[in-house]
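The basis for the numbers below is simple: all heavy atoms, side chains too, and nothing from hydrogens, waters or symmetry mates. Proteins get letters first, then strands, A, B, ... in listed order; numbering begins at 1 in each.
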Protein chains: 2
Amino acid sequence: MGSTARTRVTLKDIAAHAGVSRSTVSLVMQESELVAGATRKRVQEAAAALGYVYNRGAATLRSSRTATVGVVVHDIANPFFGALMAGIDETLQAADYIPFLASSGDSLDRQARFLARMREHRVDALLLCPAEETPAASIEAIADWGMPCIEVMRHVGKSPLGDYVGADLRTGVINAVRHLVIQGHRRITLLAGIADHSAGRERLAGYRHAMHEAGLDDLSNVDRGPLTRCAGRERTLALLRGNTTPTALICHNDLVALGALLALSHLGLRAGRDCAVIGVDDIEEAALAEPALSSIATHPRAIGRNAAELALKRIAQPEGERQRIVLEAPLVIRASSRISSAVAQELT
Amino acid sequence: MGSTARTRVTLKDIAAHAGVSRSTVSLVMQESELVAGATRKRVQEAAAALGYVYNRGAATLRSSRTATVGVVVHDIANPFFGALMAGIDETLQAADYIPFLASSGDSLDRQARFLARMREHRVDALLLCPAEETPAASIEAIADWGMPCIEVMRHVGKSPLGDYVGADLRTGVINAVRHLVIQGHRRITLLAGIADHSAGRERLAGYRHAMHEAGLDDLSNVDRGPLTRCAGRERTLALLRGNTTPTALICHNDLVALGALLALSHLGLRAGRDCAVIGVDDIEEAALAEPALSSIATHPRAIGRNAAELALKRIAQPEGERQRIVLEAPLVIRASSRISSAVAQELT
DNA sequence: CCTCGTATTTGGATCGATCCAAAAGTGTCG
DNA sequence: CGACACTTTTGGATCGATCCAAATACGAGG
């Protein structure tokens with residue numbers, strides 16, 4: 001197979017070899033229906049014989065389609081975004097698109113630099129988990145560039161400006177609170193993050209709504225802090241040493257919840273019996289924790305798939321009606337929030 | 001800021017606005033030293049005033065540099081590869097390069113499709129964790145295409161054909177076995193994967209070497225199976241129910257090891273006291289498991305950084321001498337492999 | 001003032017595809 | 001046989017940058 005490094009094969013070479021014009025070869029490459037079957041075959045054979053490699057850059061220059069999509073996440077090392085990316089990759093691969101990836105580290109500066117680069121590369125669309133504090137103007141600017149942008153998981157402003165794909169965390173948290181209330185819990189604390197973004201606000205709204213519904217407004221308690229496993233452990237320890245200790249914790253994500261489980265076992269308490277714990281995301285680890293962790297499942301892979309599909313649709317119809325896809329975030333009940341260890345069940 | 005959608009600004013427009021030629025503007029964009037300071041400033045101001053966006057596609061057509069790099073991993077949802085990717089992204093961002101990402105799912109077919117696409121996009125280099133069973137010919141073919149390729153974590157063939165970045169798992173496993181032997185363990189089982197690739201062979205070589213060194217050849221026991229957390233649990237249960245039960249387990253990766261911990265606690269046994277467990281990768285979760293998991297640290301982020309740096313170097317010097325970078329994989333000793341719970345220490 | 005070397009600037013060709021309007025080929029039918 | 005409709009094919013212009021050899025500007029020295 002090893003070919004000698006001769007000069008690069010272009011459409012012109014194929015045209016000469018197959019006895020047709022450049023234009024015809026181009027049409028074949030674009031899988032156009034215009035060209036006759038016999039001709040198409042001859043051209044394809046010539047291309048194969050010469051070892052032709054399509055030059056997408058050259059095609060882009062004329063047609064301004066790149067078959068690429070830009071993806072920005074906060075931190076690709078976080079398993080949640082890994083799974084999200086897996087869903088995106090899967091869908092794009094099937095459509096012969098390829099993702100450019102960047103981690104913003106929740107820094108506006110890095111996000112801006114990446115966006116500028118994506119613009120230079122003329123990606124066909126952008127999948128953006130906006131960094132904290134991203135101003136609405138940035139999203140509008142992207143639209144202004146003529147670049148379709150899908151906001152994923154978070155959106156800037158009160159409600160999404162354009163296309164959006166996320167999980168229904170509000171309902172998820174409401175279900176979680178109801179599930180706890182039914183079991184007799186009254187002092188339910190929300191372990192939230194510090195930053196103020198849509199995904200955090202949704203959780204908070206669900207929590208407030210459900211606590212109010214249960215007549216527990218005056219027992220509402222929101223604890224704000226960092227969102228790592230370690231922080232979850234420390235914050236839980238602090239809460240349990242306070243004077244009004246909660247009987248149940250709803251955590252911003254599973255990492256924090258797993259930290260909370262560590263804190264409980266460190267104090268010799270049993271999650272579920274002594275204090276209920278519920279996380280968010282239902283990462284793989286949740287089911288295998290000891291005791292198994294109840295969690296509001298956000299299905300990152302499915303979100304990734306939906307977001308990528310929406311991006312492809314928007315590329316095809318740039319002016320189509322904007323969509324807002326909100327996937328269900330069902331509560332998965334496991335031992336960490338059950339007094340008795342009855343069989344696992346799911347609430348919608 | 002919202003500009004109306006007028007026709008796209010090109011070098012020609014800037015040239016007209018600044019009263020110079022296209023060529024001069026081009027030189028400014030390339031940050032060439034040739035152009036006089038005053039002219040440069042005038043051009044830059046004109047570009048800013050007109051809202052110019054560099055068209056990298058057009059530049060590529062002529063210069064055949066894309067400022068992109070292709071990255072192939074097996075599964076981006078795996079936290080190990082997430083961390084690896086974070087290191088790659090970090091390094092590339094600093095150099096104004098951008099990664100294309102694809103998950104091969106360890107499928108040769110998907111890998112081949114992605115490689116073909118990368119070729120069409122003319123990436124400047126490739127970072128490849130080769131899928132299982134990748135033939136050496138594929139790697140040679142990539143080189144033949146004139147595309148620098150860095151093998152990461154795994155390499156095809158006995159030893160790397162070209163550039164390679166990985167971790168010294170052989171020494172890591174040797175240290176693990178020695179650490180166990182010193183504590184009196186003799187029946188040490190290696191929980192390996194099924195596939196035959198370099199990373200698996202290195203672990204095995206280390207294991208065989210150290211067992212031989214300790215005169216334990218006839219007690220060597222390699223168990224092959226799937227590499228998930230669940231599989232780790234099941235495989236450990238099966239081993240402990242066998243007739244010659246191991247007193248220590250060295251697991252292919254931390255996921256398997258965490259599964260092993262679950263199995264032990266399920267049987268009412270305590271890891272470290274009743275059976276030692278050591279994993280590979282030292283993922284974040286390892287330190288927080290209960291009991292804390294000993295692990296051979298592969299530092300995926302550092303590997304990602306090194307691999308990306310090597311790629312950049314190879315782009316600058318395509319014909320430079322091939323490199324083989326093998327990072328240390330130190331054994332991090334925690335409670336899961338210690339009889340007494342002495343303070344944590346590290347072995348090199 | 002002219003010459004020569006160095007520092008800047010420039011026009012035209014070029015990279016490799018697509019687009020478009022027009023040309024060529026094919027078949028049907030009065 | 002010629003008109004007409006329809007299917008295929010084609011040449012030239014074009015996308016927006018870079019490359020290169022040649023032109024020009026500038027300054028110092030004779």
Chemist: Can you list every pair that meets salt bridge (charged side-chain N to carboxylate O under 4.0 Å, His left out) and has a residue in residues 59-81 of chain B, with sequence neighbours left out?
Modeler: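 Qualifying pairs, neighbours excluded: none.
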Chemist: Per the ring pair (Phe, Tyr, Trp, His ring centres under 6.0 Å) rule, what does the pair list look like for residues 108-150 of chain B, sequence neighbours excluded?
Modeler: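 Non-adjacent pairs meeting ring pair (Phe, Tyr, Trp, His ring centres under 6.0 Å): B:Phe100-B:His121.
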Chemist: Once you round to the nearest 0.5 Å, how far does CE of B:Met85 lie from CG of B:Leu127?
Modeler: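 It comes to 8.5 Å.
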Chemist: Quick one: side chain to side chain donor-acceptor pair (under 3.5 Å) partners of A:Arg40, sequence neighbours excluded?
Modeler: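 Here no residue qualifies.
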Chemist: A:Thr24: what forms a side chain to side chain donor-acceptor pair (under 3.5 Å) with it, not counting sequence neighbours?
Modeler: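 Partners of A:Thr24 by the side chain to side chain donor-acceptor pair (under 3.5 Å) criterion, ordered by chain and then number, come out as A:Ser21.
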Chemist: Which protein N or O atoms sit under 3.5 Å from an N or O of nucleotides 13-17 of chain C?
Modeler:
unit_1	atom_1	unit_2	atom_2	d
C:dA13	N6	B:Arg22	NH2	3.3
C:dT14	O2	B:Arg62	NE	3.4
C:dT14	O2	B:Arg62	NH1	3.1
C:dG16	N2	A:Ala58	O	3.4
C:dA17	OP1	A:Tyr52	OH	2.4
C:dA17	OP2	A:Leu11	N	2.6

Chemist: Holding to ring pair (Phe, Tyr, Trp, His ring centres under 6.0 Å), I want the full list of residues that pass it with B:His74, two or more places apart in sequence or in another chain.
Modeler: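 Ring pair (Phe, Tyr, Trp, His ring centres under 6.0 Å) check on B:His74 returns B:Phe81.
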Chemist: In B/S/- notation, 5' to 3', how is nucleotides 4-9 of chain D contacted by protein heavy atoms closer than 4.0 Å?
Modeler: ----SS
Chemist: Would you classify B:Ser23 as touching base, sugar-phosphate or nothing, given that sugar-phosphate means primed atoms plus P, OP1 and OP2, and contacts are heavy atoms under 4.0 Å?
Modeler: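 Answer is base: heavy atoms of B:Ser23 come under 4.0 Å of a base.
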Chemist: List the residues meeting side chain to side chain donor-acceptor pair (under 3.5 Å) with B:Arg305, not counting sequence neighbours, and say none if there are none.
Modeler: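 Residues passing side chain to side chain donor-acceptor pair (under 3.5 Å) with B:Arg305: B:Glu90.
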Chemist: Can you list every side chain to side chain donor-acceptor pair (under 3.5 Å) pair that touches residues 316-327 of chain A, not counting sequence neighbours?
Modeler: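 Sorted result for residues 316-327 of chain A: empty, none.
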